[in-house]
Every structure is written in structure tokens, then in C-alpha cells.
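The structure presented is a predicted model; accordingly, all values stated were derived computationally and were not measured.
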Amino acid sequence: MTALEARDTAARKLVPTLCYNCVAGPDFMQVIVEDGVATGIEPNHSAAGVHPGAGRPCVRAYGLVQKTYNPHRISQPMKRTNPKKGRDEDPGFVPISWDEALDTIAARLKDIMSRGLIDEAGLPRVAASFGHGGTPRSYMGSFPAFMSAFGPIDFSFGSGQGVKCTHSEHLYGEYWHRAFTVSSDTVLTNLVVSFGSNYEVTGGVCAVRRHADARIRGVKRIQIEPHLSATAACSAEWVPIKPKTDAAFMLAMIHVLLHETPRTSLDIPYLRDRTSSPYLVGPNGYYLRDPQSGKPLVWDEKAGRAVPHDTPGIVPALEGHFTVSEAISHLADKEVARHENAPAHTAFTAMVEHLRRYSPDWASAICGVKPDKIRHVANEYVSNACIGQTIEIEGRTLPLRPVAVTLGKTVNNGWGAFECCWSRTVLATLVGALEVPGGTLGTTVRLNKGHDNRLVSVVPGEDGFMVSSLNPTSETDWKAKPTGRNAHRTLVPIVGNSAWSQALGPAHLPWLFMDKSPDEWPKQRAPEFWLTFRTNPAVAFWDTAKLTRAIAQMPFIVAIAYTFDETNHMADILLPDASDLESTQLVPIGGTKFVEQFWEHTGVALRQKAVEPQGDARDFTWITTELAKRTGLIEKYNAAINRGAIGSPLKGKNYDFSLPTDQAHDPETIWDAVCKASTAALTDGKEVKDLAWMKEHGYFVVPFKRTDWYLYPSLADQNLRFELPYQERLMRVGEELGRRLHAQGIHWWDEQLSEYQPLPEWHDVPGRWVKAVVAAGKKPEDFPFWGITTKTMFYSAGNNSGVPLMHEVGQNVRGHGGIILNAGVAGKLGIVAGDWIEVRSIVAATRGRAVPVQGCHPETIVIPGQHEHWKTPFAKDLNFPSLNTVTQMSMELTDATGSGADVVRVCVRKVEGPGKGARP
Amino acid sequence: MTRYVMVADLRRCVGCQACTAACKEANGTPIGVQWRRVLDIEVGEFPDVKRVYVPTGCQHCEDPPCMHVCPTTATKQRPDGIVTIDYDLCIGCAYCAVACPYEARYRVDHPRFAFGEEPSVSEQARFDEKKIGVATKCTFCVDRIDGGCAKGLTPGVDPDATPVCVNTCISGALAFGDIDDPDSNVSKLLAENKWFRMHEEVGTAPGFYYLWDKEAPL
């Protein structure tokens, strides 16, 4: 009997589960299990009417079988025997028992607990870093409950966040419209203007399916980016643009709308009633306010005088200059200025006059796109906006504005990103397309509460806007002393202080300050204990040689380890966890969530153990419970689970599945309780599904209202306005932050303070990278190209780079593992396809094979993915290049939100071969 | 009669290769063998450039040149149009691979596995020694079709009777069905859209159709 025939007669079952390997998930799938062996992945077709991606996972899910049976997996706990750490040091890992590993870790933690969790500098002694966009949480079982029980942990050592995410969008998007990430309402839109949003690669199956359906419906997408990505390939137009000049293009689009098209083409009622456009701005740049109530004033056209913005029955003037007889303004630090007969203009007029200078002709000289093309895009945008049209959804009549603007990663972080986020959001408000059907939408919140439904966070705040939770900048409440090593509460007011805030602070400062912190800054030591899970910052961050040296300074590292890799090379203890197909966890699904998951359901899905763990890998929940036992935290840990640290609270109005807190529970018991409580919570206790039910069915959902995709109804119902276009509050916050920092003698954040503007000023964004070359003592002409990167669907954030199947199928797509450059430029340099070339910056050099193409801006070099591994099995033998190797990590290239961009000035030359990699 | 065909909507395909990966896993094909794959093609000169993704593989031609050159009659054509290879008859001469205008055929003489010479347990479960040293290619997942039909299912409609690549496709670009049934999904797609077939000029009459915008220069 052949193997094939044997397969056909063997016991075979399909196990429903999910993939959450990237931020675009979770997506459903089924594992084919034959005789206890996972042999394949299939979609979960039964979920086609529930999951927006038709129950299908993306290409990476098909690599999970190889990932499971990778012979390079770490199969038992190990400890380091060589105390010296460094890339060139052999760690001397030797196998140890789980008892020895867990006791060693527990002893370290108990010692820290006995001395206090906070060190002399006021910083947590324990730090933890997790990978890609919060997705490791769906693989760490009950570990969040342990962290909750333990106390302060420093999450600020970045492993990609801030420099690899859409960072400014996270902060400003959430501030302006509860949009941690932003999406087009693809199912209803007619036109998407995309500045580098790479939907077809990083949007996940939900985005791919929605955009494919939209294309068949006739939707037009204009893709503006330096490199002709997969998304550009699937767009109606590709507009090549120089890197980091997108803000100029967008400012010029706004100019066209404000100065070259009639006002009737804008959504005047929307601007008047749902934005701060009518608020009066005084001569000092602050809002003029009612002296009694302190409320911002508007000019009532009916009465011909200034009145508080929320006065009933008024018709606020959208634009114009006025004289206000009596008013006050709120300056920094609660200072109040009094005004009599003050000249005033509306915020909208301030914007109109401010934008006059940013014409398409002006922008063309910066971004290299012809003025007529910019006008064409702007006019397409306006002409598709359908001003005045409505649509009925679930019985409610809402505006229909089927145009959207979206921003890609490098557009959306680092210098220039504030201007891009502001421009994108203002473009939406000008035609009434922000948060309405067809328009530009937020997906979810992370800095505010309401992860399951962002509308919960729409609560009245100051000045007629939604409430916002900025970190205080007042003299009394400002955190002069950082509470985490990236100082998110000290330096970045807009990031707030939610559970996600710390990870979204300036994520590279901790690494930079490992070398040397500024004189005026508290002296900070490396954390005494650093835990890593599903992250490899030694490859995934920037200036990887410097970062690797910084990691080597960590005195004690515990790595939850899948295979050896570049980061856990420095670890002291390696713990093998049961991976994707081998462990159990309940995961929230549905509602609205990044990247483009808009569901008509909400609920939970089970990531379940389809096959037994390989080697002695253990379920993370088991590992966690053992740590809780051995550190004496079992009661607090169980209490945290009962409170809802890993799902819904186990006790609710009509149910109680609380676990006894004085004993350790096995993973099945814990997840059984979480399954019951979560399903009960979704149904007010009417339906209770246990773990066995979830194993069989895979998921449990209830309806999610379609109208809850949009923020506009919640604002309209509460008569609230979007805090656009004028940034009065941020101007004040910036002034206060500057005063606080200067009082401490801190001036190294002054450039970042310049971002706190009421209306964005162009400030030669790309020139900042050129200046960085000069500051390093080099000649700009020696680095004539822009180095940028692009993701691929096979790797996304790169945590599966050791899976051969991804490499094999990736080879079908151009640029895989190579260096993309314009074919004309390559010809001039004597470079042909397949040649080894070196890309060098002021930091380091990386080498790869040349991929000359037509679809690449001549000034741009593109290195896809995050590679140049030197330890990860299989990946290290590929000799792939990485932009991370050559990208600068510096204060000068950090913006006010604490983010940087994947951009660096580089030169290119032909070389003989792969060389020795990113050696300093 | 029944004539099974594949339809690929090039307006939908994003080149993600999920079909390629799923096919490899389902059929246990060795490293480098891709019965289903997606080409990444660039047309034009900067800045007027287009890039298009084209799923390809065995076209299950109505007049298959591979079958005509096969000296052992290993390659056959079923009444439903599916072109098959009888591994017991194939001598691995590779004439068929040379004759195929679509570069759809493979021959592997020495098995190689993802992590080296030894198969993992999952690869071992899918390994079929009959496929070594012979011609192989896309079968339209004929086992699924036959198994599904035996259960009364409809290929192209019911996942259990449909090729894996179609089930996998995240953009909905791939469709499969009976072109002789005017009410089938593929018949409707072809009736409602512009389409072409690859290398139609060589007279193979492929059973693989591509939907595309009529204005496009392809």
C-alpha cells in the first residue's frame, strides 16, 4: 500500500481554529489532522457568512504545518552557560528540566519582588517585549493575568512598534476620530486615494476580499507611492512620488479644494455642525471664548454677534473675519487672556488662508508629481464625494460620501506623518466623508476604552468635542520622572496612559539610552529581567548591529523561544511554548478592527490544540500558572483571571464561573471557564458554551450593528464635533510641555515640540534625512538614493522567516529576498538582474541580489521584508538583505509622537557576493 | 456532457500565492514543484507601468499537446476534460514537459523536503513515492471532484468537490465548474465578462479562462 492510499484510509479530522499571526487577523481556518499529525490547513467554509474574509486565512496560515514540525524547534527548556553575551559569543545553551527553568525564573522574580518592583530611577526592574501589533496576546494564554498580578512591567523596549506601525495614525487618528487605524468604507466607497496603503499585502484577507469585490463593482483606487506595490498593481492608477513628500501632495489637494473649486463642492453643513470650523480664533491664535462659560465662540449669522458654540438656534458662520466685543482665551497653564473688540476669524478661514501657499505648483517641486496630476486627483476626489446624498442603514438615514483617503506605513510615521494624518482627516471633513458610509473610517480604539466597540468611547469632553485623555502637562501633574524607559507620559501627551500607551511611546529611546542617556535625564539602568515572546528586535528594529549590542547588555533574559534566533541568542533561559496549532486560547472576534475587519457579528473564537506539542513544549497557560505558583502569586493570578484579564470577567450579572483563587488550575479548566463566561457575557447569560462546545464549533457570535461601523451618528446624537481642522488644544499642550522640559534643562526634544501647531506648516520633511547625513559628517551627494522597504504577505512582520514554504512561494513575487531598483538607474550603474549589490547608509551596509524593475521611482531603492538573519535556522542561509540593517535610529529623526520612518539615504554599488552582513 | 474549466479573474488576483501554498500542502508536492502558481508580470516603462498577477498551471487543454507526445499513453484525457497522468505508465521521459506551452509539468527524480533530505511527519504523511521520476502536474484536484460528486456534491459550488486552490483564494479570483452547464458559475462569469485564454493561437483550446478588462492592453 502506498503512502497516498494509506492517507486515504487513515483517521482524518478537521479541527476548527484561527490564525492571528498578523494585525489583520484573526481569520478562521481548519487544521487537517491525520493520525494525530497536522497535514494541512483549510479554510473554514462554514464561517463564510460570518467572517468578512469568507472563512479563509491568508498564505501564511499554510506555513503553520511546517512551522509545527520544524526540526529546528527548541524542544525543551535550555539555559545559557556562557555568561558573556554578544553576536560572536556562543551562548552554550544546554537542556534543563522545566522545574529548573521555572525555579530559576521564579527565584529571579521573587528576588525582585523582595527588593521592590521599581528601581532607584523609578523604573520597573522587569521589562517585557512582545511582537507584531499586539498579536502575541492571542498566543500567550493566561500570561496577561500573571502580568496583572505581578505589578509594574516596562513594555517600552520596542520591537517594531513606533517604527514599523502606522504610529501617527494610532495617536492622531484615535484623538480625532477614534481611529487607532483608518480604513476606507470599501463596501460603499467609489474612490480611494491611497498614499502607500498596502491593502493587498498587509490588509489581510478581509481587506483583500473587500477591495476585490469593490474593483468588480467599479471602484477606482489611485495609489500614490514610490514603488509599484501589489496594491498599486491592483489599482486604477499608480502615481510615483518621492518618499516622504506625501504631505506636500495632500496639502496641495486641500489647496485645490479650498482655492480652486467652488465652496458648493464642499459639505458646508458638515463643516459647520460637526467640526470646529466655525470656532473663532483670536489674535493670539487661541480660541476666543465666552467670558462666563469659557466655551469657544462662533459668529451667529442670524444675530450678527459672537455666541457660545452650543447656543441653541444659531447659524454659525463658517468663514469670515469679525470683531468680538468681549472674550477670553485659555492659554498654557491655565493663564487667561482677556480681549476687547478683538479681531477674529473662524478656524475655517484660518485654514483657508494658511493653505493658500500650498498650491499644486508648489507641491510639484517637492514631490516630483506634475501639478496637473495633483489637481486631477483632487478633482476626482471632490467629484466622487456625492455631497448631499444619503443612504439608509438599519432604518437610519446617514450621509453617503463615497470617497476615502488612506495612508501607508512610512507615510504614517516619523516626520511628516502629523501633516499627512491631519491632511487626510481634513480632506475627509471638507466633503463630509469622515466616519460616514462610503468615507474614511476608524476601525477600533486602543488608547481609549471600548476595544470591542469604539462607539463606547464617544463621550462629551471639553469645548464640544469628544473626551480625550492626554497625559497631563500642567506644572503639578506632569510626570517629570519617566515611569517607563521610553518616557511616554513625560514626552508624548497624546499617547495617553492606557494599557497600550506605553508600547506606543518613543519605542527606540530605551535602546538609544542604553548607550547613553542625556545629561538632564534620570540615569536609567537596563531592566534586571527582560522577557520576550514572539519578537525578534535584533532583526526587526533599526541599526540592528547597535540594537544587538544593546540587547547583549540585558543582564537576564527569558525568551519564550520557538527556534534559536538573533534576539534569544542573548537569552539566559529559553522556554519552548506550544505553538499555533498546539495550544488553546479564546480570542475575541468581530465588531470593527484593524486592518479592515468590519463584521456584522461579534463574539469569540477558539484557537485550539489540534495536535500534541512537539518535544517538551508546553502550553503558555500551563507555563504561566506554574510561574504564578512558584512566585507566590497564584491567588492574585486567579483573581486577575476572574476579573477578566484574559477574556470576559468570569462573574457577570446572570452568571458566575469564577475560579477558586487558592489553587492552581490546568489550562482546560481555565479556558472552560473563560468560554462559558464569554459566551454568557455576549448573551446576557442566556447562552453558555463550554470549552467542549467551542472545540467542536470553533466560534460563537452574536449580531453587531452595521451602523456601529460609523462614528458620525454617535457624534450627531450628542451634538459633538470632530476636533478639526484647528489644533488649539495641541498648541496649548505643546507650549506647556516645552515649559516643563525647559524647566528641567531639557532641550533635546525642542525639534519635536515644533510639531504642536494649530495648522501644519511644511518643513522640508525629506530634508531631515539629508541633514542626518550631514550631521554624521558625510556628504549628501554620496548617498543619492532613498532606501525604503515594503512588506510581503508571506512574511508580514517576519516571525515566520524560518518556514521554507513561505520562501518557496515568495519567490514567485518580484523582489523577494532582493533589492528593487529602477531599471533605468540600474542600467546606468551597470547593474543587471541577479547581480549582487550593496546598499550602504551612514550606519552600515546590506547586500542582496538586484531586481531592476520599471515600477520604481528612480530615486528609490526598495528592500522588501525584514531579513539578514544570522542565527534563525533556514532564514540565515538565505542571505537576504534588510533595510533595518542600514536604517538610522536617532533622536533627530524622531517625531513628536516618538515615531520614526523606514527611510534612509543610501548609495548603491555592485559587489562580488553576499559579504559578512551587518557588522559594525 | 460535462467540461470542467477554471476561471481566473485577473481584476481580483493580488498575487498572494495562497493558492500556490495550499496546492503544495494538499498535494504534497516537493520543493520547487508548483502545480498552481501565480506569475508576477510587469508591462510598460516608468512611469507608465502596469503589473498584473496571472494564476497558471495545467490548462487541461481540449487538445493537449502533452498527451499527443506521450509515448506510453500515460497522459490521458477524461470525458470531463481533465487531463490525467497514470504514474504506473509514465516512464519520466519528459516529452510532455517540453511539449506543454504552459510550462505546467514537473519531474522530480530525487525527493527533497522542506528542511533537508528527511521528511517531517507531516511531509511523510503526504509523500507519494509514485510521483518520483514521473511527470506530474495540476490534476484539478480530481480526487476531490470525484469524491465530491460521489456524495452528490457540485464541483465549483461545494468546497468538498472543488479544487483546493479555488477554495483557498482569498480574493475570489479563482472559480471552477462545468462550462457545458449554462447555469454554472463559470458559464455565467464567462457570459458576463470579457475573457481570453493563454496561447490560444497554438490551438490547444485551454480549459483555463482569464477575465480581464476589455480596455486593458494585455
Side-chain angles (χ1 to χ4, degrees), chain A residues 2-4 7 10 34-35 37-43 45 53-54 56-59 62-63 65-66 68-72 200-201 205 208-209 211-213 215-216 228 230-234 238 240 793-794 803-806 808-810 812-814 822-824 853-858 874, chain B residues 9 11-26 28 31-32 34 37-53 113-116 118-131 143 147 158-160 164 167-173 193:
Chain A
T2 68
L4 188 61
R7 185 198 73 186
E34 299 171 67
D35 284 338
V37 175
T39 57
I41 301 294
E42 282 194 3
H45 295 290
R56 304 178 187 205
C58 90
V59 62
Y62 297 90
V65 172
Q66 280 190 359
T68 303
Y69 300 111
N70 184 344
H72 303 299
E200 315 296 3
V201 169
V205 294
V208 167
R209 186 57 179 246
H211 282 267
D213 289 346
R215 285 196 294 280
I216 301 306
L228 201 165
T231 303
C234 300
W238 171 52
M793 194 182 279
F794 322 105
V803 176
L805 182 62
M806 296 300 101
E808 182 183 343
V809 302
N812 293 348
V813 174
R814 81 173 192 201
N822 178 275
V853 302
Q854 294 293 336
C856 185
H857 194 287
F874 183 79
Chain B
D9 191 336
R11 301 166 300 178
R12 286 182 175 271
C13 181
V14 300
C16 74
Q17 312 288 337
C19 55
T20 313
C23 171
K24 286 191 61 65
E25 202 161 79
I31 300 286
Q34 297 180 354
R37 64 194 164 116
V38 183
L39 307 177
D40 180 351
I41 298 170
E42 187 178 68
V43 183
E45 284 189 23
F46 182 88
D48 299 316
V49 195
K50 292 275 186 191
R51 190 175 168 194
V52 64
Y53 301 106
F113 300 97
F115 294 100
E118 294 300 318
S120 67
V121 288
S122 60
E123 287 174 310
Q124 185 61 50
R126 291 288 166 108
F127 179 64
D128 182 359
E129 61 194 23
K130 281 188 171 183
K131 292 180 187 164
D143 292 350
D158 298 304
D160 285 347
V164 162
N167 287 342
T168 305
C169 181
I170 61 172
S171 68
N193 295 283

Engineer: Between B:Val38 and chain A, which part of the residue has a heavy atom less than 4.5 Å away: side chain, backbone, both or neither?
Structural biologist: backbone
Engineer: Do you know which of A:Met806, A:Arg814, A:Met793 has the most heavy-atom pairs under 4.5 Å to chain B?
Structural biologist: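 So the answer, after comparing A:Met806, A:Arg814, A:Met793, is A:Arg814.
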Engineer: Kindly give the heavy-atom pair with the smallest separation between A:Ala233 and B:Tyr53, and that separation in Å.
Structural biologist: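 Looks like CB-CE1, 3.8 Å.
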Engineer: Considering non-hydrogen atoms only, spot the tightest contact between B:Val14 and A:Ala230 and give its length.
Structural biologist: O-CB, 4.2 Å
Engineer: Picking from A:Pro71, A:Gly63, A:Gly824, which has the most non-hydrogen pairs under 4.5 angstrom with chain B?
Structural biologist: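 Option with the top pair count is A:Pro71.
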Engineer: Check salt bridge (Lys or Arg N to Asp or Glu O under 4.0 Å) between A:Arg56 and all other residues, then give those that pass, not counting sequence neighbours.
Structural biologist: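 Not a single residue meets the salt bridge (Lys or Arg N to Asp or Glu O under 4.0 Å) criterion with A:Arg56.
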Engineer: Using every non-hydrogen atom in the two residues, find where B:Ser171 and A:Val208 come nearest and quote the distance to one decimal.
Structural biologist: CB-CG1, 3.6 Å
Engineer: To check you understand the geometry: which heavy-atom pair defines the closest contact between B:Ala125 and A:Thr39, and what is its length?
Structural biologist: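 So the minimum-distance heavy-atom pair works out to CB-CG2, 3.7 Å.
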Engineer: Within this structure, what is the CD-CD distance for the pair A:Gln66 and B:Glu123, rounded to the nearest 0.5 Å?
Structural biologist: 6.0 Å
Engineer: Taking side chain as everything from C-beta outward and backbone as N, CA, C, O, which of these in A:Ile41 sits under 4.5 Å from a heavy atom of chain B? Side chain, backbone, both or neither.
Structural biologist: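 Both backbone and side chain.
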Engineer: For the residue pair A:Pro804 and B:Phe115, establish whether any side-chain heavy-atom pair is separated by less than 4.5 Å.
Structural biologist: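 Yes, at least one pair of side-chain atoms sits under 4.5 Å.
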Engineer: Is there a side-chain contact between A:Glu808 and B:Gln34, using heavy atoms and a 4.5 Å cut-off?
Structural biologist: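 Touching, per the 4.5 Å side-chain cut-off.
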Engineer: Mind checking whether A:Val37 and B:Gln124 have side chains closer than 4.5 Å, heavy atoms only?
Structural biologist: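 Not in contact.
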Engineer: How many angstroms lie between atom SG of A:Cys58 and atom CD of B:Gln17, to the nearest 0.5 angstrom?
Structural biologist: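 Here the rounded value is 12.0 Å.
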Engineer: Can you sort out the partners of A:Asp213 under salt bridge (Lys or Arg N to Asp or Glu O under 4.0 Å), two or more places apart, ordered by chain and number?
Structural biologist: A:Arg209, B:Arg12
Engineer: Atom SG in B:Cys19, atom OH in A:Tyr62: separation rounded to 0.5 Å?
Structural biologist: 10.0 Å
Engineer: Contact part of B:Glu42 toward chain A, heavy-atom cut-off under 4.5 Å: side chain, backbone, both or neither?
Structural biologist: side chain
Engineer: With chain B, which of A:Leu805, A:Asn822, A:Thr68 has the greatest number of heavy-atom pairs at distances under 4.5 Å?
Structural biologist: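 Of the options given, most contacts go to A:Leu805.
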Engineer: Tell me, for B:Asp9 versus chain A, whether the close heavy atoms (under 4.5 Å) come from the side chain, the backbone, both or neither.
Structural biologist: side chain
Engineer: Between chain B and each of A:Val853, A:Val59, A:Asn812, count heavy-atom pairs under 4.5 Å; write down the option with the most.
Structural biologist: A:Asn812
Engineer: Please classify the contact of A:Val201 with chain B as side chain, backbone, both or neither, using a heavy-atom distance under 4.5 Å.
Structural biologist: neither
Engineer: Which atoms of A:Ala54 are under 4.5 Å from chain B, going by heavy atoms: the side chain, the backbone, both sets, or neither?
Structural biologist: neither
Engineer: Looking at B:Pro159 and A:His45, what are the two nearest heavy atoms and their distance?
Structural biologist: CB-CD2, 3.4 Å
Engineer: In terms of heavy-atom proximity below 4.5 Å to chain B, should A:His211 be classed as side chain, backbone, both, or neither?
Structural biologist: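 Neither part, no heavy atoms under 4.5 Å.
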Engineer: Look at B:Gly147, B:Ala21, B:Ser120, B:Pro47 and state which one has the largest set of heavy-atom pairs under 4.5 Å with chain A.
Structural biologist: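 Most pairs with chain A among the choices: B:Ala21.
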Engineer: Main chain of A:Leu228, side chain of B:Arg51: is a donor-acceptor contact present, judged purely on distance under 3.5 Å?
Structural biologist: yes
